[in-house]
Amino acid sequence: MADKIVLIDGHSILNRAFYGVPDLTNSEGLHTNAVYGFLNIMFKILEEETPKYLVVTFDVHAPTFRHKLYAEYKGTRKPMAEELRQQVPMLKEMLKAMRIATIECAGLEADDLLGTLSCRCEAMGLEVSLISGDRDTLQLATEHVKIRIPKTKQGKTEVEDYYAEDVKEHYGVTPTEFIDVKALMGDTADNIPGVPGVGVKTATKIIQQYQNIETAYEHVEELKPPRAGKNLKEFWEQAKLSKVLATIEKDAQISFELEDALYEDPYTKEAYELCQRLQFKNLLSRFQVTTEKKDIEGLFCKLETASEIETLFEKAAKEEIVGVCLSRDEEGILPLFADPTGYGKAAVAIQEKVYLFGASPELPMTEILKKIGWLSGQVKTFAMFELKEALSVLEILDRETCFDNKIAAYLLNPLKSDYDEKDVAREYLDLLLDEGMDQERAAFYEAYIARESVGVLREKLKEEQMEDLFEKIEMPLVFTLYEMEKNGVKIASDELHAYGQMLGEKENELEESIYEMAGEVFNINSPKQLGVILFEKMELPNKKKTKTGYSTAAGVLEKLAPDYPIVSKILEYRQVAKLKSTYADGLANFIQSDGRIHGKFHQTVTATGRISSSDPNLQNIPVRMELGRMIRKVFIPEEGYVFVDADYSQIELRVLAHCSKDPALIEAYKEAKDIHRITASQVFHVPFDDVTDLQRRNAKAVNFGIVYGISSFGLSQDLSITRKEAEQYIQNYFESYPGIKRFLDETVSQAKEKGYVTTLFHRRRPVPELSSSNFMQRSFGERVAMNAPIQGTAADIMKIAMIDVAEELRKRNLKSRLILQVHDELLIEAKEEEADQVKEILTDKMEHAVDLLVPMVIDVHDGKNWFEAK
DNA sequence: TAAATCACG
DNA sequence: ACGTACGTGATTTAT
């Protein structure tokens, strides 16, 4: 059988990939989606074809010979998107690293290059597969030249194949005739004028009958429809030109040596490193790096007897760094270790080996865990992933030695969704782990990686000045959050149940009256059905649309509510339904046997450094609306305890005042004035005492807008005013606070330079969107750059306060405990007789967590439930 | 699994 | 002219 060659149209496939693969960026902020997509398509093809030769062609973008023939060439091609442009050299570098031949030839169109190559290769007796996204290349199909057009359908690439006969079958004409069809119908994208009034149907019919335009011209009087004939006659010169333009050159002057195109093993070290840098997770798994892995697994060692394990701990205690892993299942560690004879396994990595062991009659799990905890007091660094999850079974002797690899990796790039041992190994140790390892092997590796990655993670944290953030804030916080999760919050479950009942009745009433007003029964929860009822059946005026239909979001409905009673009913229904399903019923499912809810707090989730909460989310319990707020009455303290709640007053604006050093804002805070009123007075040019409620409300919205990275549209939307008015507000604001304007501008421009922003405590957030050529994306990047340092610094401050508060409670041996954090608010379940002390601690620690140019102020309340205490 | 909606800061 | 506020998580419907 003949040797095979694969020819790939580089730009065309890269372009396909760019628009077919969602935007990807690596941690340097480089856009990588097109290269990634290209490689996927290429490897898919290569696996199918297993060719002997492979060439990727590139054209240089300039008007070319063929196109220059057309005098009115206007270059309707859009300039390449910046994100795509960046990826062209990246792809070439990758191909070079993979030892894949590339050909480019200045002044030659991709098509002509491919045409010439395929023709020559066929003449050499090769089987040719030509990969392109461009259907023009179909004219190149022959018995031995197969045109392959990849299509991305829902993430999967499917390839359409065309030999000459397939072209005939699909288009009704031979590849050669295909040129003439195009000459008649034209192609705006390629600046081929064609013959006016002749579309694909007519053109195909004519060529089917006469094979080419010349013969057709000879029979121009007989052509059907007559109009086509008339036009062909009239535009004959244009048709001939079009044919020249449409014909792909097969005999261009290029130098090409078949031997240079040999396709060898592309999985080179250079390619591996490049994939590493671009963070192509899936592709990396194609590389064979088994040698290293074998070496690692040689370190793995199972211990059976109690004395072996004892010896290990003696040895480990003398180590500088140990890596630890407690094996877990989906539920976490607890089920494996709660039972002293538990079937869980522990792995400990030291310099020379990694050991794995379980409990035995002589050495129960409780003893093993005690030893591991003890180890934390012996070594310099006690490293593991997800320390918080292990604390339920581990008693740590020295908190200061603890190193959570997951948290370190999060700080280094908070935009990722995963920071597990495989990610850290891949990114920081150049080590690829197999998916789906058995529990024991996974535990070995995790302990090994925990230990091995400490050095590089520490180094990188130091490079970015985040060692203090890590050691003084994030690591201590692990223990505070663990305590909060363990404490949980008590729920008055009977009252919660009654609340749910009440909501259920309300929901039913509203449901019925909505059906009656609508004149039919439908699913109110379905935005689709609701949209049809409101905007089609009842013909309400509709403005906003979503991708799939009408928007029925609250903002839209609220504008209609005054005029249409059914709309207010729907809004009320939504509110009640939400309260019932998410809060009343939702929370009830999380009440544990101790009568409390133990939600989780996450430390490696948000892009800004905030904590997040789930299972259930305790940071979005209703408070703004009266009916929803009632649910806070079921959050109660233990008998003999009382709630003390403290929240920062405008922490983000104060942070902004500090960071921007704006004199007017600083002065306002120093004088403890009503900041929204002051803003109103400045923005609307009225004396402080004459500010109306509306003006104050608007000013408050402006202040929020500033923190979010202001835009006139956003503000106008929020205040239901015109964009002009919003612009005026913003302009007035910046005139009153020029320091803030300067700070925000400076922050954005620095972010564009560096690709990231930082908080006061050096927490970092990359902003890859800033280099986007897409206006919307770039604007988003700008708002992120303005917001992240403010929101992030506020988060840092709160974390410090939490650590200090928890520490002080512990120092004073109080029974009172932290139970919730809601970004700028802390809730403590305080022993009744300790309440005053707790208030004093909260005030002191929260107000003095940092020393800024403006005072930090908190409001403190107490109560017998969360409703009262807020 | 994605999209729409809405609860919070 | 583009089409938006920043950051989360849960529920529901529809694909």
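Hydrogens, waters and symmetry mates play no part in the numbers below; they use all other heavy atoms, side chains included. Chain A is the first sequence line, chain B the second, and so forth, proteins listed ahead of strands; every chain is numbered from 1.
- Within a 6.0 Å radius of CD in A:E512, no more than 12 heavy atoms belonging to other residues, nucleotides or ligands are found.
- When side chains are defined from C-beta on, A:H861 does not count as touching A:K870, because their heavy atoms never get closer than 4.5 Å.
- Atom CD of A:E782 and atom P of C:dT4 are 16 Å apart (whole Å).
- Within 4.0 Å of A:A607, counting heavy atoms only, lie sugar-phosphate atoms of the nucleic acid but no base atom.
- Atom P of nucleotide C:dG9 and atom NE2 of A:H823 are separated by 9 Å, given to the nearest angstrom.
- Residue A:L770 contributes atom CG, which lies 15 Å from atom C1' of C:dT4 at whole-angstrom precision.
- Listed pair A:T606 / C:dT8 fails the phosphate criterion, with no side-chain N or O lying under 4.0 Å from OP1 or OP2.
- Within a 6.0 Å radius of NZ in A:K506, other residues, nucleotides and ligands contribute 12 heavy atoms or fewer.
- At most 12 non-hydrogen atoms from other residues, nucleotides or ligands lie less than 6.0 angstrom from CZ of A:F704.
- Closest to the side chain of A:F780, from the set B:dC6, B:dC8, C:dG7, is C:dG7.
- Panel note: side chain A:N523, backbone A:N525; a donor-acceptor pair is recorded below 3.5 Å.
- We find that CD of A:E572 is positioned 13 Å from P of B:dA7, with the value rounded to whole Å.
- Below the 3.5 angstrom threshold, one finds a donor paired with an acceptor across the side chain of A:S711 and the base of C:dT4.
- Of the side-chain N and O atoms in A:S779, none sit less than 4.0 angstrom from OP1 or OP2 of C:dC2.
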Give the B/S/- string for nucleotides 10-15 of chain C, one per nucleotide from 5' to 3', where a protein heavy atom under 4.0 Å of the base yields B, of only the sugar-phosphate yields S, and otherwise -.
BSSSSS

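- Residue-level contact check: A:V623 touches the backbone only, with heavy atoms under 4.0 Å from sugar-phosphate atoms and none from bases.
- Residues A:R763 and A:M466 share a closest heavy-atom pair of CA-SD, 4.1 Å.
- Side chains of A:Y669 and A:V857 form no contact here, defined as non-hydrogen atoms less than 4.5 Å apart.
- C:dA5 and B:dA2: their C1' atoms are spaced 23 Å apart (whole Å).
- Side-chain atoms of A:V805 and A:T480, non-hydrogen and from C-beta on, never get closer than 4.5 Å to each other.
- Taking atom CD of A:E626 as the reference point, atom C1' of B:dC8 lies 16 Å away to the nearest angstrom.
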Could you walk me through whether A:E725 and A:T722 pass the side-chain contact (heavy atoms from CB on, under 4.5 Å) check?
CA-CA 5 Å; A:E725 289 170 304; A:T722 66; 3.1 Å; yes

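- Within the 4.5 Å cutoff, side-chain heavy atoms of A:K741 are placed close to those of A:D745.
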In dot-bracket, 5' to 3', how would DNA chain C read with Watson-Crick or G-U wobble pairs under 3.5 Å, [ ] for crossing ones and | for pairs to another strand?
.....|||||||||.

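- The CG atom of A:L653 sits 13 Å away from the C1' atom of C:dC6 (whole-angstrom rounding).
- Which of C:dT4, B:dC6, B:dA7 sits closest to the side chain of A:R783 comes down to C:dT4.
- Distance NZ (A:K580) to P (B:dA7): 17 Å, rounded to an integer number of Å.
- Among the protein residues, A:R574 comes within range of the sugar-phosphate backbone only, with heavy atoms under 4.0 Å from sugar or phosphate atoms but none that close to a base.
- A:I611 comes within 4.0 angstrom of nothing in the nucleic acid, heavy atoms only.
- Residues A:K490 and A:I819 have side chains not in contact (no heavy-atom distance under 4.5 Å, counting atoms from C-beta outward).
- Using a 4.0 Å heavy-atom criterion, one finds that A:A726 contacts no nucleic acid atom at all.
- Within 4.0 Å (heavy atoms only), A:R765 reaches sugar-phosphate atoms of the nucleic acid but no base atom.
- A gap of 28 Å separates the C1' atoms of C:dC2 and B:dC6, to the nearest Å.
- Side-chain N or O atoms of A:H602 include none that pairs as donor or acceptor with a backbone N or O of A:S612 at under 3.5 Å.
- Of the candidates A:E474, A:K799, A:K388, A:E474 is the only one forming a side-chain hydrogen bond (donor to acceptor under 3.5 Å, both in side chains) with A:Q603.
- At the heavy-atom level, A:G709 lies nowhere under 4.0 Å from the strands shown.
- For A:I706 and C:dC6, the CD1 to P distance is 14 Å, given to the nearest whole Å.
- Of the residues in residues 787-806 of chain A, A:N787, A:Q791 come within less than 4.0 Å of DNA chain C through at least one heavy atom, sorted by number.
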